[in-house]
J.: 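Could you have a look at this structure, given as structure tokens, before my questions?
These figures come from a predicted structure and were not determined experimentally.
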Amino acid sequence: MKYSFVLLCLNIPLLFNSIWCFSPILAQYYLSDQSSRLRQYSGTWNSSIHPNTDSISVKPSIRMFNNVSGDSKSLFVVVEQLKDSLYQNLLVEMISYDKNSDTIIALGQRSDGSCFIGKGKYTSETDWVMSDKDLLGNDVMNVSFKFNSYTDVLVQGFNNEQKRLWQTRYIKQNPKDKKIGVQLVSVHDEMLLDAENTLLQLSRMGYSYVETFVYKEGMFYGMSPNHFKEKVESVGMKFVGSMTFKDLPTDGGWKSTMDWWLKCIQDHKEAGVKYISTSNNQLKQVSTQAELQLFCDYYNAIGDMCKKNGIQFVFHNHSDEFRYVQGVCIYNYFLEHTNPELVAFQPDLYWMHIGGANPVNYFHVPWAFF
């Protein structure tokens with residue numbers, strides 16, 4: 001089975017290219033400007049059962065679809081309300097960022113046919129306020145948006161006397177139809193701080209799978225293999241892979257290293273993963289093909305143990321693999337001297353490019369793309 005994974009660096013969010021980061025506990029995140037802040041409102045949102053909870057019913061009373069358009073500077077918003085067992089249109093609007101006034105502008109129409117124009121801006125990293133007028137210039141209402149996190153926002157409407165007219169708490173529920181996974185090194189600090197809440201945030205963003213980066217002393221982010229698996233699955237994702245590291249053993253260290261790998265593989269088997277990947281930070285010191293063969297023998301041995309436990313062993317490249325040693329590209333040597341039944345390859349296209357290689361040149365090698 002093939003998996004598509006995203007290395008979600010903290011400055012490359014899903015769906016758009018604004019600069020941001022988030023803390024799952026305190027919901028503190030940095031967005032560079034009004035336009036970037038607006039785009040956090042993109043995605044699919046469902047109303048919670050009550051503003052005091054983030055729980056969502058099977059058929060939420062309100063659902064909202066906010067699609068990015070206009071060169072990522074606008075959102076097309078459709079709001080639907082459940083009525084008589086059917087979802088009916090409640091509101092449509094276009095929300096855009098105006099660079100001349102550095103404000104956010106909205107033009108919308110409600111289900112009764114009335115139109116409105118809104119104007120406002122973010123007053124802080126987490127607060128957004130809009131003032132709506134009808135097309136005759138009359139004040140309609142003020143709308144406030146309070147972002148509890150990147151995937152949780154409380155929206156409230158107030159009249160001119162600041163009396164609250166309504167409130168709805170929306171929880172982001174992006175669809176998982178693209179079946180994209182995330183390498184958790186992308187949110188490494190957040191996972192160490194609050195793994196459970198970070199997993200919840202990622203699931204709401206639309207990720208389907210996770211690949212871990214932290215396996216230490218038989219634990220994943222401080223949790224046992226089975227416990228971590230349960231936490232991932234409880235938020236609607238699957239734990240399918242893990243990046244794990246152990247350097248090539250020196251003289252006399254083979255047995256202890258293989259014992260470590262056996263325990264590692266057994267723990268991953270308990271967690272139900274499909275594959276274990278590794279990478280290599282020792283290649284800068286390699287100067288002979290004989291040294292490269294030691295790595296190939298090492299990977300074949302690990303792959304053999306993985307196969308016996310029903311797990312695929314995978315090699316993940318960076319840029320050093322595209323150095324040449326005695327006239328041979330290291331990556332090519334690994335492809336030719338590892339057993340394809342025991343070792344698969346997970347190409348990192350970015351690092352291939354940095355290393356000066358063209359990934360297309362490897363498409364003809366079936367096991368080169370796990």
Side-chain angles (χ1 to χ4, degrees), residues 13-16 37-70 72-97 104-120 122 126-135 140-159 164-180 200-208 235-236:
L14 180 68
L15 298 178
F16 47 81
R37 292 170 184 166
L38 172 62
R39 291 196 293 272
Q40 72 178 316
Y41 197 45
S42 66
T44 299
W45 301 79
N46 290 328
S47 61
S48 64
I49 295 173
H50 187 276
N52 292 333
T53 179
D54 62 357
S55 299
I56 301 172
S57 64
V58 176
K59 295 196 74 172
S61 60
I62 301 176
R63 60 187 190 183
M64 178 168 59
F65 307 94
N66 301 344
N67 295 315
V68 177
S69 61
S72 299
K73 292 182 174 60
S74 299
L75 295 177
F76 182 71
V77 177
V78 176
V79 183
E80 299 176 341
Q81 186 171 33
L82 186 63
K83 191 174 182 179
D84 299 327
S85 300
L86 296 174
Y87 283 102
Q88 300 181 23
N89 182 271
L90 184 65
L91 173 77
V92 294
E93 65 179 323
M94 179 68 79
I95 307 176
S96 301
Y97 167 71
I104 297 172
I105 305 296
L107 175 61
Q109 184 179 54
R110 298 182 179 86
S111 58
D112 63 5
S114 62
C115 296
F116 63 91
I117 296 175
K119 183 178 180 180
Y122 275 81
T126 59
D127 295 280
W128 172 24
V129 178
M130 296 288 286
S131 296
D132 294 347
K133 296 178 179 291
D134 64 24
L135 297 191
V140 177
M141 74 174 75
N142 296 316
V143 182
S144 71
F145 304 77
K146 178 69 174 181
F147 285 87
N148 301 311
S149 74
Y150 184 78
T151 64
D152 182 343
V153 59
L154 177 65
V155 185
Q156 301 179 89
F158 299 89
N159 63 16
R164 189 172 64 203
L165 304 175
W166 52 266
Q167 62 176 333
T168 303
R169 185 174 178 179
Y170 289 102
I171 306 300
K172 185 171 285 191
Q173 295 284 287
N174 283 338
K176 299 180 184 294
D177 54 309
K178 293 183 180 179
K179 299 187 182 303
I180 296 176
L200 175 62
Q201 299 286 323
L202 293 170
S203 180
R204 288 174 176 176
M205 291 178 189
Y207 290 101
S208 299
V235 297

J.: Donor-acceptor pair, Asn66 side chain versus Ser42 backbone, under 3.5 Å?
T.: no
J.: What I want to check is whether the side chains of Asp54 and Ser48 have a donor and an acceptor closer together than 3.5 Å.
T.: no
J.: Using a strict cut-off of less than 4.0 Å between a Lys/Arg side-chain nitrogen and an Asp/Glu carboxylate oxygen, indicate whether Lys172 and Asp152 qualify as a salt bridge.
T.: no
J.: Given Tyr41, which partner from the list Tyr97, Phe145, Tyr150 fulfils the ring pair (Phe, Tyr, Trp, His ring centres under 6.0 Å) test?
T.: Phe145
J.: Kindly indicate whether the side chain of Gln40, heavy atoms from C-beta on, has any atom under 4.5 Å from the side chain of Tyr122.
T.: yes
J.: Listed by chain and number, what are the salt bridge (charged side-chain N to carboxylate O under 4.0 Å, His left out) partners of Asp134, not counting sequence neighbours?
T.: none
J.: Could you tell me if the side chain of Arg37 sits less than 4.5 Å from the side chain of Ile104, heavy atoms only?
T.: no
J.: Which atom pairs, donor and acceptor, lie under 3.5 Å between side-chain atoms of residues 106-115 and protein residues at least two apart or in another chain?
T.:
residue : atom : partner : partner atom : Å
Gln109  : NE2  : Gly113  : O            : 3.3
Asp112  : OD1  : Ser114  : N            : 2.9
Asp112  : OD1  : Ser114  : OG           : 2.6

J.: Could you go step by step and tell me if Val143 and Trp128 meet the side chain to side chain contact (heavy atoms under 4.5 Å, CB included) rule?
T.: CA-CA 8 Å; Val143 182; Trp128 172 24; over 6 Å; no
J.: In terms of side-chain heavy atoms, does Ser47 have a donor or acceptor partner in Ser61 at a distance below 3.5 Å?
T.: yes
J.: Let me have the donor-acceptor pairs involving side chains of residues 76-87, under 3.5 Å, with sequence neighbours excluded, atom names and distances please.
T.:
residue : atom : partner : partner atom : Å
Glu80   : OE1  : Arg63   : NE           : 2.7
Glu80   : OE1  : Arg63   : NH2          : 3.0
Tyr87   : OH   : Pro60   : O            : 2.6

J.: Do any N or O atoms from the side chain of Lys176 and from the backbone of Ser203 form a donor-acceptor pair under 3.5 angstrom?
T.: yes
J.: Side chains of Phe116 and Glu93: does their closest heavy-atom pair fall under 4.5 Å?
T.: yes
